[in-house]
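Written below as structure tokens is the structure these notes are about.
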Amino acid sequence: MAGSTKTARGAMVVLLWYRKGLRVHDSPALAAACEGATAVCPVFCLDPWFVSSGKVGPIRLRFLAEALADLDASLRARGSRLLVLHGKPEEELPRVAREWGATHIVWEKDGVEPYGLKRDAAVREACAPLGVTITETNGHTICDLDELLKQSKGSPVTTYSTFRTHFDHVVARSPIVLTPTPERIPAPSDAALAEEARGRLSVPSVADIAPSLADAGPSLFPGGEGEALRRLDAHLARDGGAWAGAFEKPKTSPTEIDPFGAGTRSTTVLSAYLKFGCLSPRTFWVRLRDATKGARTRSAPPVSLDGQLLWREFYYACAHAVGPAFGQMEDNPICRQIGWRVPADDPAAAEALAAWRDGRTGYPWIDACMRQLKSEGWMHHLARHAVACFLTRGDLYVRWEEGAAVFDELLIDADWAVNNGNWMWLSCSCFFYQYFRCYSPVAFGRKYDPDGAYVRKYVPELARFPKKYIYEPWRAPIADQNKAGCRVGVDYPKPIVQHDVASKENMGKLAEAYKAHKESHADSGGEHGSEGKGKGTGKGKGAPSKAARGKAPAAPPPDAKSRASKKRTRHSESDDDDDED
DNA sequence: CATTGGTTGTAGCA
DNA sequence: TGCTACAACCAATG
Ligand SMILES: Cc1cc2nc3c(=O)[nH]c(=O)nc-3n(C[C@H](O)[C@H](O)[C@H](O)COP(=O)(O)OP(=O)(O)OC[C@H]3O[C@@H](n4cnc5c(N)ncnc54)[C@H](O)[C@@H]3O)c2cc1C
């Protein structure tokens, strides 16, 4: 804040606008706000756009309420407090800036997702006449995303290894340093305190913003940085750091009954804390590094725990480079154009989507995952793989944006860049293209949990099925169904799709779509592009396959919407939202 | 060009 | 529990 403008009286009243970054540890925004300030007014704005629109499910809203209460406590311990505004940011921010005499506004960058991008532009515009100085800081990601964007010359990076070299360059340039937590924070201005005294700025309770959960009992993972840091440290202390050091993501299990318990084979479940910024990714990074220094066996990215943080960074950087189209297939330069079924135009697809969402596909493993999502807001990464594959390329062939929208509502950790990126991955739309590797809605869960304890927990009507049929109850003889007290087709649905048939058919469609992509891509005016089909086989071992090339598998209506296939990508000049910083 | 590597597949068989 | 065939992807690298 050095060299900032001052008011006539020389007072420096700073509005510290919290959006994500709900913490006081390692907070560049908080540090920037405090520097030289005579008053700091920490605000959070409850925007009806996400509070009461139905876009955000109750579990995530509850987490937010808990996180705000915790942040308020952290601020109070340092002589401050959280002031909560109710209304549209582009109305509330300029209002309080004016009424409270703010000379500066500070916030942490949150300009990747379309909501944040538009919101911040609107607030800037609304505040422009006030002449306040607006400062943006990094904080939500390890690197400043604009630095990563520079490193890639404005292009999206779609491979992890390339991303890693860029990341290493940026970190070499600006090392990962933690920002100290201020011991005291200047109190809010008198005008702000006066408004607070009128009872207008109180921190919302769970009952206020997630009324359906008001009496739901304790949360599985309560929001807030206190909880975040406790959980982080507990994970890092497991086996003296050996657990964290040897972490290998693909070897963790999606079927743990208590993924938050001691000795779990699950993952850290820190995602919601990172999403809201209750936990700084840099703090995670640094403490992880320290905790695993002496570890006997150390895994490495992409499977290691620091590798997981890099995946997050990877998707953020890519989404930042692509812009708002990252959340959709159309006009998205990195996304394969595929003729998915669209529920709005296709009643059968709409019904399939609804069954998937409600956890009544007739596949117990899929339904258990979806019911865990609905009831708890979190699923293991591999469970997300299973249900995302099932909805899109594996079985239902519904477009991935529909699944992403459901996740965006129901996940406690829903995070625009990460969510859409992973949906593109699973649907083979970008990043990952081996569509012939397909998850089985029967075999995959069984591999981890042969007894079906996870299914029995989340799909209780199946609880009494014998182990043999727990993943495919429709195959149980009627006598077994009666004995289990659950008749398939009556008490639990029959499968809505036949996996072996559908998955093969879908692979054919993916192959078609890829072919169309390649042709439209090898254009260069040559019209009949390359066509060098030759023995495109090659691949591992050099074992030449037989002449399986016979005929293309089923050729249903070739993907209708091949229209948009724009290629250019840049995005550098148009909207870069960094200012004085 | 050809080759290599890519977080996390499955079924069938030893 | 470990191996291979399956069918045949892509981006990066040289
Ligand atoms: C279809 C699909 C949608 C997803 N949507 C989201 C989402 O909305 N929000 C979200 O945070 N994660 C999402 N993920 C990624 C991943 O599943 C979760 O981050 C992870 O399961 C959270 O559990 P954890 O904190 O125990 O992870 P850990 O394995 O303990 O990893 C630690 C942290 O690394 C980050 N991370 C881990 N895996 C990934 C990944 N694949 N991509 C990006 N970051 C990762 C997360 O911040 C996570 O908290 C999605 C994955 C899929 C397949």
Side-chain angles (χ1 to χ4, degrees), chain A residues 152 155-166 246-255 265-267 299-315 318 334-336 338 365 369 379-390 393-395 418 421-422 424-448 450 471 499-500 503-518 521-522 530 532-554 569:
Chain A
S152 69
S155 296
V157 172
T158 60
T159 62
Y160 190 80
S161 45
T162 300
F163 171 79
R164 278 197 71 193
T165 66
H166 291 189
F247 184 92
E248 289 181 70
K249 182 66 162 266
K251 294 192 180 157
T252 59
S253 168
T255 56
R265 293 158 62 221
S266 190
T267 50
S299 52
V303 299
S304 58
L305 200 44
D306 58 342
Q308 304 313 299
L309 291 174
L310 291 176
W311 281 112
R312 177 174 180 272
E313 203 84 355
F314 168 81
Y315 287 118
C318 189
I334 66 167
C335 184
R336 283 286 204 277
I338 294 166
W365 159 242
C369 294
M379 289 182 281
H380 184 276
H381 184 57
L382 294 175
R384 302 182 197 202
H385 272 229
V387 301
C389 179
F390 186 87
R393 66 184 170 91
D395 296 85
V418 175
N422 275 286
M424 282 191 265
W425 180 295
L426 264 298
S427 60
C428 291
S429 297
C430 189
F431 311 117
F432 174 84
Y433 308 92
Q434 291 166 255
Y435 55 76
F436 40 86
R437 286 196 190 170
C438 182
Y439 291 98
S440 159
V442 170
F444 190 67
R446 182 145 60 198
K447 185 165 72 179
Y448 294 92
Y471 286 98
H499 172 72
D500 51 354
S503 60
K504 278 206 191 76
E505 206 176 288
N506 294 344
M507 282 182 211
K509 292 194 229 172
L510 265 289
E512 286 293 310
Y514 274 23
K515 207 164 88 185
H517 170 84
K518 205 160 39 171
H521 214 269
S530 49
K533 63 85 113 30
K535 73 284 292 316
T537 61
K539 182 223 183 354
K541 280 81 186 167
S545 69
K546 50 298 268 321
R549 192 152 242 18
K551 46 80 148 244
T569 281

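Residue numbers start from 1 in every chain, and the chains themselves are labelled A, B, ... in the order their sequence lines are given, proteins ahead of strands. Values below: all heavy atoms of this structure, side chains included; hydrogens, waters and symmetry mates excluded.
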Which whole-number value in Å describes the distance from [X] [atom1] to [N] [atom2]?
X: A/Lys251; N: C/dT1; atom1: NZ; atom2: C1'; value: 14 Å
X: A/Phe431; N: B/dT8; atom1: CZ; atom2: P; value: 17 Å
X: A/Asp500; N: B/dG12; atom1: CG; atom2: C1'; value: 16 Å
X: A/Asn422; N: B/dT7; atom1: CG; atom2: P; value: 12 Å
X: A/His380; N: B/dT8; atom1: NE2; atom2: P; value: 14 Å
X: A/Met507; N: B/dG9; atom1: CE; atom2: C1'; value: 9 Å
X: A/Arg446; N: B/dG9; atom1: CZ; atom2: P; value: 18 Å
X: A/Leu382; N: B/dT10; atom1: CG; atom2: C1'; value: 15 Å

- Query: Taking the same atom, C1', in C/dA8 and in B/dT4, what whole-Å distance lies between them?
  - Reply: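 Going atom to atom, C1' in each nucleotide, I get 16 Å.
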
When you measure from the side chain of [X], which nucleotide among [options] comes out closest?
X: A/Tyr433; options: C/dA11, B/dT10, B/dT8; answer: C/dA11
X: A/Phe436; options: C/dA8, B/dT8, C/dC10; answer: C/dA8
X: A/Val303; options: C/dA8, B/dT7, B/dG6; answer: B/dT7
X: A/Tyr439; options: C/dC9, B/dG9, B/dT7; answer: B/dG9
X: A/Phe444; options: B/dG6, B/dT7, B/dT10; answer: B/dT10

- Any A/Lys447 side-chain N or O less than 4.0 Å from OP1/OP2 of B/dT10: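 Affirmative; the distance criterion is met.
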
- Using a cut-off of strictly less than 4.0 Å, decide whether A/Thr159 has a side-chain nitrogen or oxygen near OP1 or OP2 of C/dA12.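 Answer is yes, contact under 4.0 Å.
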
- Give A/Glu248 one of three labels, base, sugar-phosphate or nothing, depending on what nucleic acid heavy atoms sit under 4.0 Å from its own.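 No contact.
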
- So what does A/Phe432 hit on the nucleic acid, given a heavy-atom distance under 4.0 Å: a base, only sugar-phosphate, or nothing?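 Nothing: the residue A/Phe432, judged by heavy atoms under 4.0 Å, touches no strand.
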
- Query: Planes under 30° and centres closer than 5.5 Å, is that true for A/Trp311 with the base of B/dT7?
  - Reply: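 A/Trp311 ring centre within cut-off of B/dT7 base, planes near parallel; stacks.
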
- Message: If I compare all heavy atoms of A/Arg164 with all of A/Leu310, which pair ends up nearest, and what's the gap?
- Response: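 Here A/Arg164 and A/Leu310 meet closest at NE-CD1, 4.1 Å.
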
- Looking only at heavy atoms, which two atoms of A/Tyr471 and A/Gly445 are closest? And how far apart?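 Nearest heavy atoms, A/Tyr471 then A/Gly445: OH-O, 3.3 Å.
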
- Base partner of B/dG9, which must satisfy Watson-Crick or wobble distances under 3.5 Å: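 B/dG9 is paired with C/dC6.
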
- Task: Please determine, for B/dA2, whether a Watson-Crick or G-U wobble partner exists with both distances under 3.5 Å, and give it or none.
- Result: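 Pair assignment: B/dA2 / C/dT13.
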
- Answer yes or no: is there a donor N or O on one side and an acceptor on the other, between the side chain of A/Tyr160 and the main chain of A/Gly307, under 3.5 Å?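 Answer holds: yes.
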
- Sort out for me which residue in A/His381, A/His380, A/Arg265 forms a side-chain hydrogen bond (donor to acceptor under 3.5 Å, both in side chains) with A/Thr252.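 That would be A/His380.
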
- Item | Nearest-0.5 Å distance, CD1 of residue A/Ile334 to CE of residue A/Met424 |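 One finds 4.5 Å between CD1 of A/Ile334 and CE of A/Met424.
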
- First locate atom CZ of A/Phe431, then atom CZ of A/Arg336, and finally report the distance between them rounded to the nearest 0.5 Å.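 With rounding to 0.5 Å, CZ (A/Phe431) is 12.0 Å from CZ (A/Arg336).
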
